Amino acid sequence: MAVAVKKEGDSFTYSMGEQLFEGSFLGGPDGITIVGAGAFADYDVTGDGQRFVMFPDTGQSSQSDSDHVTFVTNWFDELKRLVPTDP
């Protein structure tokens, strides 16, 4: 859900809630739990605030390959190393 919020002086107004997404996503009140990694939120927002990252519920068993997630961090550093921009 999204709600527009506006503050003017001591006044506070807000819009009616608006549904952002439809569908079935993994997680819930306690997030997603991965054995050995613990629990984490079932969604995240990109740093620029323009996109959401979520895990869709495909209805497949927990043994399927689609239940595995690979997180890549600091990949810009590796990209700069592999593809230098200096002539």
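Small disclaimer: the values here were computed from a predicted structure and weren't measured. Heads up: numbering here begins at 1 and tracks the sequence.
The minimum heavy-atom distance between Gly17 and Val3, with the atom names listed, is CA-CG2, 3.8 Å.
The NZ atom of Lys6 sits 9.0 Å away from atom OG of Ser11, with the distance rounded to the nearest 0.5 Å. From Trp75, atom CH2 reaches atom OG1 of Thr73 across 12.0 Å, with rounding to the nearest 0.5 Å. Taken from CG in Asp77 to CG in Leu82, the straight-line distance is 11.0 Å, to the nearest 0.5 Å.
Other residues, nucleotides and ligands contribute at most 12 non-hydrogen atoms within 6.0 Å of the CG atom of Asp10. The environment of OH in Tyr14 is sparse: at most 12 heavy-atom neighbours from other residues, nucleotides or ligands sit within 6.0 Å.
Between the side chain of Lys7 and the main chain of Gly9, a donor-acceptor pair closer than 3.5 Å is present.
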